[in-house]
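Working notes for the structure below.
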Amino acid sequence: MEEVDVEPTTTVIPGVDFKQKHLGFEWGPGDIIVYETEYKIAGPGCLSIHVVRKDEDIYSPILRKLFNESHHIFVGLQKTKDEVSNKAKKPQFVSISKNYRSVIRAAVEELNQIAVSTRDSALETQYGNQVSILLAVELIWNLCEVLFIEAAPAGTLLLHLLDWVRLHKADVDERAREVLQNENPAQHQAYWNVVISYVLQGRMDEARQILGKRATQQPAARAMFKLLDNLMMKMPVYNVCGTQTLTEFDVKWRHWHEECERCLQDNSFASNPHLEVICKILLGDEDTLLDQKELLSTWYHFLVTRLLYSHPTVKPTEMHYYAQ
């Protein structure tokens, strides 16, 4: 999903003095009703009521279903808060949050289907706008779930952030299918973009699989491909369920990082620019990552990738520092 960064549209209401008075509003039967107010308990009422716009969204069967299901989840959450013990609250809250996101996703799927089937261009645009809003809501809620509801600790946090990016940046899988379905995948124009995209998401198994297609066609460079494949295979990944401590993981990761650095300093990949770029990504080289901005597409994808290859043990309290 492309990041939308635009100012909301300002609606000017004729005859309303914004400098002298405040505005109050109420939801009418399909319209937003706006009135002037000075926040006084007693006194004359407002002279006029303005009907600002007709809210057509609330008449959409799909969105009404979303509103009703969201309300049901919220009511259930209030009961859970009072009935569940403190120890069991966190996993229960995470489960409720995931359920809420699944409801949003279901609404997105329905809107996408109806947008494809309609022949009315205005309706298609309307459905597209609703999908964009819901995807943005789900994206932000998912991040809040990781940071505040699940409150993942160091080590685990980055794994959740990677899952968050992969869920919302799934177009690489579609491009990978196109490449692999080609008669000669290694010669497809999107081949290197797919390999690098997988590396940027930390999906080493997929990247190595596709990288192997090229290695078999270049016997003279097979040793070089094998060296990079070993580096990618040996990249440490924190095991949440294992016995390894965070300190032990950090030591292992630093040794691997130093090995990548030695390969780059030895010019092991100098004769192949693509392999050299991948090695620089493994080292978290900022300039190299910035060169991949079209594949990263958003600042938060860049941030998660940078953390993966530079600070994999980032703590939740440090996120604001790296985000800046």
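Between Val251 and His255 there is a side-chain heavy-atom pair separated by less than 4.5 Å. Contact check for Gln187 versus Arg214: side-chain heavy atoms found under the 4.5 Å cut-off. Looking at heavy atoms from C-beta onward, Leu135 lies in side-chain contact with Val131 at the 4.5 angstrom threshold. Annotation: side chain of Phe302 is not in contact with side chain of Leu200 (no heavy-atom distance under 4.5 Å). The closest side-chain heavy-atom distance from Leu77 to Tyr100 is not below 4.5 Å. Within the 4.5 Å cutoff, side-chain heavy atoms of Cys263 are placed close to those of Leu231. At a threshold of 4.5 Å between non-hydrogen side-chain atoms, the residues Tyr322 and His311 count as touching. Residues Phe225 and Asn272 have side chains in contact (heavy-atom distance under 4.5 Å, counting atoms from C-beta outward).
Of all heavy-atom pairs spanning Leu158 and Leu308, the tightest one is CD2-CA, 3.4 Å. Closest heavy-atom contact between Ser297 and Lys169: OG-CE, 2.9 Å. Taking every heavy atom of both residues into account, Leu303 and Met319 meet most closely at CD2-CE, 4.2 Å. Scanning all heavy atoms of the two residues, the minimum distance from Val194 to Val172 falls at O-CG2, 4.1 Å. Nearest approach of Pro273 to Ser271, heavy atoms of both residues: CD-O, 3.9 Å. When all heavy atoms are compared, the tightest approach of Val165 to His301 is CG1-CD2, 3.4 Å.
To the nearest 0.5 Å, atoms NZ (Lys90) and OG (Ser95) are separated by 14.0 Å. Here the straight-line distance linking atom CG of Leu111 with atom CD of Gln130 works out to 5.5 Å at 0.5 Å rounding. Distance check: Phe269 CZ to Leu228 CG gives 4.5 Å after rounding to the nearest 0.5 Å. Going from atom CG of Leu180 over to atom NZ of Lys213 covers 6.0 Å, rounded to the nearest 0.5 Å. One distance of note links CD1 of Ile96 with CZ of Phe74; it measures 11.0 Å at 0.5 Å rounding. Here the CD atom belonging to Gln209 is positioned 11.0 Å from the CG atom belonging to Leu211, to the nearest 0.5 angstrom.
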For side chain to side chain contact (heavy atoms under 4.5 Å, CB included), just list the numbers for Tyr238 and Leu246, CA-CA rounded to whole Å, side-chain angles, deciding distance to a tenth of an Å, and then say yes or no.
-> CA-CA 8 Å; Tyr238 184 69; Leu246 195 62; 3.8 Å; yes

Start with the C-alpha distance between Trp164 and His160, add both sets of side-chain angles, then the distance that settles ring-ring contact (aromatic ring centres under 6.0 Å, His included), and finish with yes or no.
-> CA-CA 6 Å; Trp164 175 62; His160 286 304; over 10 Å; no

CA sep, side-chain torsions, deciding dist, call: Asp173, Arg203, salt bridge (charged side-chain N to carboxylate O under 4.0 Å, His left out) | CA-CA 11 Å; Asp173 292 317; Arg203 298 170 66 176; 2.8 Å; yes

Given side chain to side chain contact (heavy atoms under 4.5 Å, CB included), test Lys315 with Leu157 step by step and report yes or no.
-> CA-CA 7 Å; Lys315 301 175 183 177; Leu157 172 61; 5.9 Å; no

Given the rule in the side chain to side chain contact (heavy atoms under 4.5 Å, CB included) test, do Ile278 and Trp192 qualify, once you have shown the distances and angles that lead to the verdict?
-> CA-CA 10 Å; Ile278 293 174; Trp192 285 111; 4.2 Å; yes

Does the pair Lys252 and Gln244 meet the rule for a side chain to side chain contact (heavy atoms under 4.5 Å, CB included), with working shown?
-> CA-CA 10 Å; Lys252 187 176 180 180; Gln244 187 181 50; 3.9 Å; yes

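Distance alone, capped at 3.5 Å, places no donor-acceptor pair between the Ser310 side chain and the Leu307 backbone. A distance-only check finds no donor-acceptor pair linking the side chain of Ser97 to the backbone of Val94 [under 3.5 Å]. In this structure, the side chain of Ser132 engages the main chain of Gly128 through a donor-acceptor pair within 3.5 Å. A donor-acceptor contact shorter than 3.5 Å links the side chain of Ser70 to the backbone of Leu66. Between the side chain of Tyr198 and the backbone N or O of Arg208, no donor-acceptor pair lies under 3.5 Å. Panel note: side chain Thr125, backbone Ser121; a donor-acceptor pair is recorded below 3.5 Å.
Note on Met232: it does not cluster hydrophobically with Leu264, by side-chain heavy-atom contacts below 4.5 Å among ILVMFWY residues. Note: the hydrophobic cluster containing Ile73 also contains Trp141 (ILVMFWY, side chain heavy atoms under 4.5 Å, direct or indirect links). Cluster membership check: Leu143 shares its hydrophobic cluster with Tyr321, using side-chain heavy-atom separations under 4.5 Å among Ile, Leu, Val, Met, Phe, Trp and Tyr. Note on Leu63: it clusters hydrophobically with Leu123, by side-chain heavy-atom contacts below 4.5 Å among ILVMFWY residues. Leu167 and Ile133 fall into different hydrophobic clusters, where Ile, Leu, Val, Met, Phe, Trp and Tyr are joined by side-chain heavy atoms under 4.5 Å apart, directly or via other members.
A salt bridge links Lys234 with Glu259: the distance from a Lys NZ or Arg NE/NH1/NH2 to an Asp or Glu carboxylate oxygen falls below 4.0 Å. Here Glu124 does not pair with Arg119 in a salt bridge; the nearest charged N to carboxylate O distance is not below 4.0 Å. Under 4.0 Å is where a charged nitrogen must lie from a carboxylate oxygen, and between Arg175 and Asp171 at least one such pair does. A salt bridge does not link Lys280 with Asp291: every distance from a Lys NZ or Arg NE/NH1/NH2 to an Asp or Glu carboxylate oxygen is 4.0 Å or more. Electrostatic pairing of Asp250 and Arg254 counts as a salt bridge here, judged by a charged N lying under 4.0 Å from a carboxylate O.
Side chains of Glu138 and His168: a donor-acceptor N/O pair is present below 3.5 angstrom, by distance only. For the residue pair Gln201 and Glu206, no side-chain donor N or O sits within less than 3.5 Å of a side-chain acceptor on the partner. A donor-acceptor contact under 3.5 angstrom links the side chains of Asn184 and Gln217, judged on distance only. Looking only at atom types and distance, the side chain of Glu109 has no donor-acceptor partner in the side chain of Gln113 under 3.5 Å away.
By the 6.0 Å contact criterion, NZ on Lys65 is open, its count of non-hydrogen atoms from other residues, nucleotides or ligands being 12 or less. No more than 12 heavy atoms of other residues, nucleotides or ligands shown are found within 6.0 angstrom of CD on Glu294.
Screening Val199, Asn193, Val277, Thr305 against Gln292 for a side-chain contact (heavy atoms from CB on, under 4.5 Å) leaves a single residue, Val277.
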